[in-house]
2 protein chains.
Amino acid sequence: MTESIWTRKLKTSPARETLTREQIVRTALETLDAEGLAGLSMRKLAAKLGSGATSLYWHVPTKDDLIDLLIDEVWGEIDIPEPELAGWRSGTLLYAHSMRSTIMRHPWLPEVMYTRPSMGPNAMTMGTRGLALIAAAGITGRNADFALGTVMSFVLGSAGGEVATREMARRAGQSIDQLATAVLESTQHLGDTTMQESARRRATGDIDGMFYDSFTYGLEIVLEGIAARIKN
Amino acid sequence: MTESIWTRKLKTSPARETLTREQIVRTALETLDAEGLAGLSMRKLAAKLGSGATSLYWHVPTKDDLIDLLIDEVWGEIDIPEPELAGWRSGTLLYAHSMRSTIMRHPWLPEVMYTRPSMGPNAMTMGTRGLALIAAAGITGRNADFALGTVMSFVLGSAGGEVATREMARRAGQSIDQLATAVLESTQHLGDTTMQESARRRATGDIDGMFYDSFTYGLEIVLEGIAARIKN
DNA sequence: TAGTCACTCGCACACTGTACGACAAGACTC
DNA sequence: GAGTCTTGTCGTACAGTGTGCGAGTGACTA
C-alpha cells in the first residue's frame with residue numbers, strides 16, 4: 001500500500017492546470033453573446049483564456065466545429081413541455097416562445113443556423129420532444145415533420161428578422177426607435193403611401209412591444225392553421 | 001454650333017474604358033451564386049473584372065454595402081401578383097413560391113439577410129405589393145404588417161433551412177440523399193425511435209420532393225391561419 | 001497650355017484561421 | 001530511479017482577408 005485513496009484521488013485529478021473543452025465553449029459563448037459573431041476570433045478567445053492561440057486546436061478541430069458545439073449548447077436552453085401536461089396547442093405555444101427568447105439571448109444564432117444546421121444531441125432531443133407535441137395534436141408520419149418544421153421555420157424567421165433589425169440599428173449607432181424614424185423619413189421622399197403608413201406605425205409607439213405582438217400574431221396564425229388541419 | 005448631336009453623343013459616352021457599379025454588381029452576383037458567400041472576396045472579384053483590387057472602392061464604399069446592393073438586386077426577381085387578378089389567397093401563394101425559388105437560386109441570401117436586412121428600392125416595392133395582397137384579404141393597419149411578416153418569416157425560415165441542409169451536404173462532399181442516410185445511421189445508435197423514424201422518412205424516397213412538400217404544407221397552414229383570422 | 005475632374009492601382013497595415021514542429025510535464029513501465 | 005509514452009502547450013509561419021492612403025493617368029474644359 002503506497003497511498004490512501006484520498007491523496008491518490010487528488011493526484012489523479014488534473015495535476016497540471018489545463019484547458020478543457022467546456023471552458024472553451026463557455027468563454028466562447030460569452031464572447032459571442034457580448035460581441036457577436038464578428039467579435040469572436042481564435043486569438044482573442046485564447047487570450048481571454050490566458051493561453052496561446054493555437055492551444056485551442058488541441059481541444060477543438062476547427063473554429064467551425066467550435067461553433068457547432070455552441071449552437072447545440074444553446075439549443076439546450078429551450079424548454080419543450082410534455083404534451084400530457086400542456087396539451088399540444090399551448091405546449092407548442094410555450095415551445096415557440098422559449099425558442100424565440102433563446103434566439104433573442106443569442107442573436108448570432110440565426111446567422112450561423114443558415115450555414116451549419118446543427119445535428120447535435122440537444123437538437124435531437126428538441127426534435128423528439130417537438131414531434132411528441134405534434135403527435136398529441138393527432139398528426140403523424142411525414143406531416144408531423146412538416147408541421148413541426150412550419151413552427152420552427154416561422155420562429156426562426158421571425159426572431160431572425162427581429163435580431164437583424166436590432167443589429168442594423170446597433171451598427172448605425174442608433175436605438176431601434178431612431179432607426180424607425182429614420183426609415184420613416186426615407187419613405188417620405190417616395191410617393192408610396194402604403195409603406196409610409198407602415199413605417200409610421202413602426203416609428204410611433206413601443207417598438208419592443210410591436211416586435212412581440214408581431215410574433216404572437218404570427219404564431220397564432222400558425223397554430224390556427226395547424227388546428228384547421230386536424231379538424232378535416 | 002460646335003458639333004452635331006450624333007458625334008457629340010458618341011463623345012459623351014465613356015471614352016475611357018471604365019468600371020461601372022452595374023458591372024461590379026453583376027459579376028459579384030455570379031460569383032456569389034456559384035461559389036457562395038465565402039467565395040466572394042474583393043481581390044477575386046477585381047481579378048474577374050480585370051482591374052486592381054482597390055479600384056472597386058471608388059464605385060462601392062465597402063464590401064458590406066456591395067452585399068446590400070446584391071440583396072436588393074435579387075429582391076427584384078420576386079413576382080408579386082396584383083390582388084385584383086389573383087385574389088389574396090392564391091396571390092399570396094404565388095408570391096411565397098416566387099420568393100422561395102428566388103432564395104433557392106441565390107442560396108447565400110438567408111445567411112446575409114440575418115445580418116443586413118435590406119431597405120433598398122426593390123425591398124420597398126416588395127413590401128408595398130405584399131401589403132396590397134393582405135389588404136385584399138381585408139386585413140389592415142398593424143395586423144397587415146404582422147400578417148405579411150408571418151408569410152415572409154415562414155418562407156425565409158423554410159427556404160433557409162433547405163439551403164442550409166444542402167450546403168451541409170455539399171461541404172461534406174455528399175449528395176443530400178447520402179447525407180440523409182448518414183443521419184439515419186447516426187440515429188441508429190441512439191435509442192430514440194421517434195427521430196429514427198423521422199430520419200428514415202427522409203432517407204427513403206425523393207428528398208427534393210419532400211422539401212417541396214414540406215414547404216407547401218407549411219404555406220397551406222399559414223394561409224389557412226390567415227383565412228381563419230378573417231372570418232372572425 | 002494649364003488645370004481640373006474621374007478614376008485606377010500598388011503598397012501597406014492589421015487582422016484572420018490554422019498547419020507544423022519543437023517543447024514540457026506528468027503518468028506508466030521496467 | 002531511468003526511460004518511454006501520452007497529453008497538452010505554444011511560437012512561428014503561411015496564405016489569405018478588407019480597406020486607407022497617396023501617387024499616377026487619361027480625358028475634358030477654360
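Convention: sequence-line order gives letters A, B, ...; per-chain numbering from 1.
With rounding to whole Å, Arg43(A) atom CZ is found 13 Å from dT12(D) atom P. The nearest whole Å value for the distance from the CG atom in Leu45(A) to the C1' atom in dC15(C) is 16 Å. What separates CE of Met42(A) from P of dG11(D) is a distance of 16 Å, to the nearest Å. Residue Lys63(B) contributes atom NZ, which lies 18 Å from atom P of dC15(C) at whole-angstrom precision. If you measure from atom OH of Tyr57(B) to atom C1' of dA23(D), you get 19 Å, rounded to the nearest angstrom. To the nearest angstrom, P of dA15(D) lies 16 Å from NZ of Lys44(B). Look at CG on Leu56(A): it is 11 Å from C1' on dT9(D), rounded to the nearest Å. Following rounding to the nearest Å, Trp58(A) (CH2) and dG21(C) (P) show an atom-to-atom distance of 19 Å.
Look at Ser41(B) and you'll find a side-chain N or O under 4.0 angstrom from OP1 or OP2 of dT17(D). Residue Thr18(B) places at least one side-chain N or O under 4.0 Å from the OP1 or OP2 atom of dT8(C). Considering only side-chain N and O atoms, His59(A) lies nowhere under 4.0 angstrom from the phosphate OP1 or OP2 of dT7(D).
Note on ring orientation: taking the six-membered ring where Trp is involved, the planes of Phe215(A) and His97(A) are perpendicular (angle over 60°, cut-offs 30° and 60°).
Side-chain N/O atoms of His59(A) and Gln23(A) include no donor and acceptor closer than 3.5 Å.
Between Asp208(A) and Arg166(A) a salt bridge is recorded (basic side-chain N to carboxylate O distance below 4.0 Å). The pair Glu30(A)-Lys48(A) fails the salt-bridge criterion, with no side-chain N (NZ, NE, NH1 or NH2) lying under 4.0 Å from an Asp/Glu carboxylate O.
Counting any heavy atom pair closer than 4.0 Å across all strands shown, Ser55(B) reaches a base atom. Using a 4.0 Å heavy-atom distance criterion, Thr54(B) is classed as a base contact. At a threshold of 4.0 angstrom between heavy atoms, the contacts of Leu49(B) with the nucleic acid are absent. In this structure, Leu40(A) reaches the sugar-phosphate backbone alone: every heavy-atom distance under 4.0 Å involves primed, P, OP1 or OP2 atoms, never a base.
Between Leu19(A) and Thr62(B), it is Leu19(A) whose nearest contact on DNA chain D lies nearer the 5' terminus.
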One pair to check against salt bridge (Lys or Arg N to Asp or Glu O under 4.0 Å): Arg170(A) and Glu167(A). What are the steps and the verdict?
CA-CA 5 Å; Arg170(A) 200 194 57 74; Glu167(A) 166 65 15; 3.1 Å; yes
